[in-house]
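Everything below concerns the one structure shown next.
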Amino acid sequence: MLKQNLQQKLLQKLSPQQIQFIKLLQVPTVSLDTRIKEELEENPALEDLSLTNLNEPEEQYPDRDPDEDTYKGDEEKGEMDEFNIDDYLQDDNVNDYGSRYDQNGDDEDERKEIPIAVQSSFFESLQLQLDLLPLNDKDFRIGKQIIGSLDDDGYLRRPIMSLTDDLAFSQNVMAEDDEVEDMLKVIQGFDPAGVGARSLQECLLIQLRKKDPNDPIIKKAIVVVEQYLDEFTRKHYDKLEKSLNMGSDELRGVINEILKLNPKPGDSNEINTKQMQVIPDFHISNNDGTLILTLNSKNAPELKVSRSYQEMFQHYDKAAQKDKKLKEAVQFVKQKLDSAKWFIDAIKQRQQTLLKTMNAIMQYQYEFFLTGDDKNLKPMILKDIADRINMDISTVSRVANSKYVQTEFGTFLLKSFFSEAIQTESGEEVSNKEVKKILEEHIGKEDKRHPLADEKLTDILKDAGYNIARRTVAKYREQMNIPVARLRREL
């Protein structure tokens, strides 16, 4: 049985301009220049003043009859009413937002080109070492297959049998497992030491066996890794002393030797693409107790609508009144002018939003920016800032998650200034970052032979007036990447 009913739904749709602004807001300063260059390449109606001659004489554009800006006829007129050429006419030398934030010339150094070191990758280095060996064609192709099968950290996690099958099916090389195993041993002799290992144990042993075989410490370190790796990783030092019949000093020497080894040899030469250079979006300086906020000038590019495209539109618009075949050309130019204006407006809105948000954060955390002491951080959530600047929480979140501020105490991600509130015994609300700072200080001062357990840390905090459960202490410790007491123990 079919039924008909009426439903009323409230939907919110974002305009293309709003979507463009949201995307630009999330872009960090280090990537903004690339994003602007992409837009400049895609839209010839958009120009960067820094790339044009700023000394060109200004050109005055005569006023026009509004009726001349539309097509004759109802259909054409309706399509052109929404467009006003005056919105796009800008003087070449006028930039009402590009220079506003470069007050102190603080980004002069940032304009200098940063030299990039020429560095071969991890895999290229291994291939180069393979090329230098006097190998027959079969062994060379086996070695190349092994290198191509390594993970980024330098380990071989594929079975030898799988490599043999790959060689047969993709390379037409008929190899035995023993031949692949022999070539793997050759590659395990390459630098960095430990490469080609199939487990952490094998990786550490490869590195130890490259050291002085007559050194007694090295010999015992090999025994520990071969036979007692589990006890070593769990820091069961008492068991190791008893099993190996060693004193604390001797065991300490063995442990220190093992800790010098590299558990991820592939990472030693590999450029980590995840570690992007941090360029601060804001600078906060202290002028005799008064904080001064400036926006990185890289966030304020000198963009304008192309004068040649403005002239092109005027030319086509006049001609289109006589020749309707130029309608398509006029529409194309209009689209590019619209797109350029939208992009410039989105950049302006991005700058205003960044400054508004950062200024609210600076005012909220004024004491911290004056002193740099984490204990002066107030509890602050996204809603606190959103309410102050009358913006949506999601907008504040986009700024906080991707923007950095440079202070005299270092460069910080804005997200790091947000924290939950913890209530003390006196009823005062403090930031959980203050509690983490106290935990970090006590763990840093602890006797590493008898590290503080979570229960003891809980008691210390309670004595200081912070009534926090042990599980909360454990959560904060894990958030700071601090292991449990047993794993912090040292001899």
Side-chain angles (χ1 to χ4, degrees), residues 31 116-213 218-219 221-234 255 257-277 481 483 487:
S31 303
I116 300 174
V118 177
Q119 179 175 348
S120 61
S121 72
F122 167 63
F123 294 99
E124 288 171 346
S125 174
L126 294 178
Q127 185 61 50
L128 183 60
Q129 294 176 70
L130 183 68
D131 293 341
L132 296 174
L133 295 179
L135 301 172
N136 59 46
D137 183 63
K138 184 178 182 181
D139 286 342
F140 179 81
R141 292 169 74 177
I142 293 173
K144 192 172 182 179
Q145 183 73 28
I146 293 172
I147 291 173
S149 302
L150 298 177
D151 289 347
D152 288 340
D153 55 8
Y155 282 79
L156 178 66
R157 292 189 169 90
R158 299 192 62 206
I160 295 295
M161 186 181 297
S162 296
L163 296 182
T164 306
D165 292 341
D166 286 347
L167 283 163
F169 291 113
S170 62
Q171 304 280 344
N172 198 26
V173 175
M174 302 304 165
E176 300 294 332
D177 289 351
D178 291 344
E179 293 176 290
V180 177
E181 188 85 43
D182 290 341
M183 271 309 299
L184 177 60
K185 287 188 172 69
V186 171
I187 290 172
Q188 286 177 348
F190 287 180
D191 288 327
V195 69
R198 287 160 287 186
S199 65
L200 173 63
Q201 184 180 48
E202 187 175 24
C203 179
L204 299 179
L205 286 172
I206 290 170
Q207 295 176 64
L208 285 171
R209 285 168 180 157
K210 283 193 172 186
K211 295 179 180 287
D212 184 2
I218 299 298
K219 288 180 179 179
I222 290 174
V223 173
V224 169
V225 173
E226 276 187 328
Q227 302 178 25
Y228 302 99
L229 186 60
D230 188 56
E231 287 82 353
F232 169 77
T233 54
R234 295 175 181 274
I255 290 171
E257 194 63 45
I258 296 174
L259 293 177
K260 292 177 187 176
L261 306 176
N262 185 2
K264 294 184 178 181
D267 291 344
S268 59
N269 286 335
E270 185 69 3
I271 301 171
N272 192 348
T273 55
K274 295 180 181 179
Q275 293 179 345
M276 187 181 291
Q277 180 188 7
N481 294 320
L487 297 179

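Because only heavy atoms are used, hydrogens play no part in the values below, and waters and symmetry mates are left out as well, while side chains stay in.
Between the side chain of Asp153 and the backbone N or O of Tyr155, at least one donor-acceptor pair lies under 3.5 Å. At distances below 3.5 Å, at least one donor-acceptor pair connects side-chain atoms of Glu179 with backbone N or O atoms of Glu176. Between the Lys210 side chain and the Gly189 main chain, a donor and an acceptor come within less than 3.5 Å of each other. Put simply, the side chain of Arg141 gets close to the backbone of Gln171: a donor and an acceptor are under 3.5 Å apart. A donor-acceptor pair under 3.5 Å is absent between the side-chain atoms of Asp151 and the main chain of Gly154, judged by distance alone.
Separating the CG atom in Leu261 from the SG atom in Cys203 is a distance of 8.0 Å, to the nearest 0.5 Å. For the atom pair CG of Leu150 and CG of Leu126, the computed distance is 6.5 Å after rounding to the nearest 0.5 Å. Of the inter-residue distances, the one linking Leu259 atom CG with Phe232 atom CZ reads 4.5 Å to the nearest 0.5 angstrom. From Asp165, atom CG reaches atom CG of Asp177 across 8.0 Å, with rounding to the nearest 0.5 Å. Leu130 contributes atom CG, which lies 11.5 Å from atom OG of Ser125 (distance to the nearest 0.5 angstrom). Interatomic distance, Asn136 CG to Leu133 CG, rounded to the nearest 0.5 Å: 11.5 Å.
Shown here for Ala175 and Ile142, the closest heavy-atom pair between the two residues is CB-CD1, 3.8 Å. For the residue pair Gly143 and Ile187, the shortest heavy atom distance occurs at O-CD1, 3.5 Å. Here the closest non-hydrogen pair linking Gly194 and Ile206 is N-CG2, 3.7 Å. Summarising the geometry of Pro265 relative to Ala193, their closest heavy-atom pair is CB-O, 3.5 Å, with the distance given to 0.1 Å. Closest non-hydrogen pair, Val225 versus Leu208, comes out as CG2-CD1, 3.8 Å. Val195 and Phe122 get closest at one heavy-atom pair: CG2-CZ, 3.4 Å.
Counting heavy atoms of neighbouring residues, nucleotides and ligands inside a 6.0 Å radius, atom CE of Met161 does not exceed 12 of them. No more than 12 heavy atoms of other residues, nucleotides or ligands sit less than 6.0 Å from atom NZ of Lys144. Environment of CG in Asn172: sparse, with no more than 12 heavy atoms of neighbouring residues, nucleotides or ligands closer than 6.0 Å.
Taking 4.5 Å as the limit, some side-chain heavy atom of Leu204 sits within range of a side-chain heavy atom of Leu229. Between Pro192 and Asn262 the shortest side-chain heavy-atom distance does not fall below 4.5 Å. Residues Met183 and Leu163 form no side-chain contact, since every pair of their non-hydrogen atoms from C-beta on lies 4.5 Å or further apart.
Partners of Gln201 under the side-chain hydrogen bond (donor to acceptor under 3.5 Å, both in side chains) rule, at least two apart in sequence or in another chain, do not exist in this structure. Residues passing the side-chain hydrogen bond (donor to acceptor under 3.5 Å, both in side chains) test with Gln188 are Glu202, sequence neighbours excluded. In terms of the salt bridge (Lys or Arg N to Asp or Glu O under 4.0 Å) criterion, Asp212 has no residue partners (sequence neighbours excluded). For Glu181, the side-chain hydrogen bond (donor to acceptor under 3.5 Å, both in side chains) partners two or more places apart in sequence, or in a different chain, are Arg198. Under the side-chain hydrogen bond (donor to acceptor under 3.5 Å, both in side chains) criterion, Arg234 pairs with Asp230, sequence neighbours left out. Applying the salt bridge (Lys or Arg N to Asp or Glu O under 4.0 Å) rule to Glu257 yields the partners Lys211, Lys260; only residues at least two apart in sequence or on another chain are considered.
Between Arg158 and Asp166, at least one side-chain nitrogen of the basic residue sits less than 4.0 Å from a carboxylate oxygen of the acidic one, meeting the salt-bridge criterion. Salt bridge annotation for Glu226-Arg209: present, with a cationic side-chain nitrogen under 4.0 angstrom from a carboxylate oxygen.
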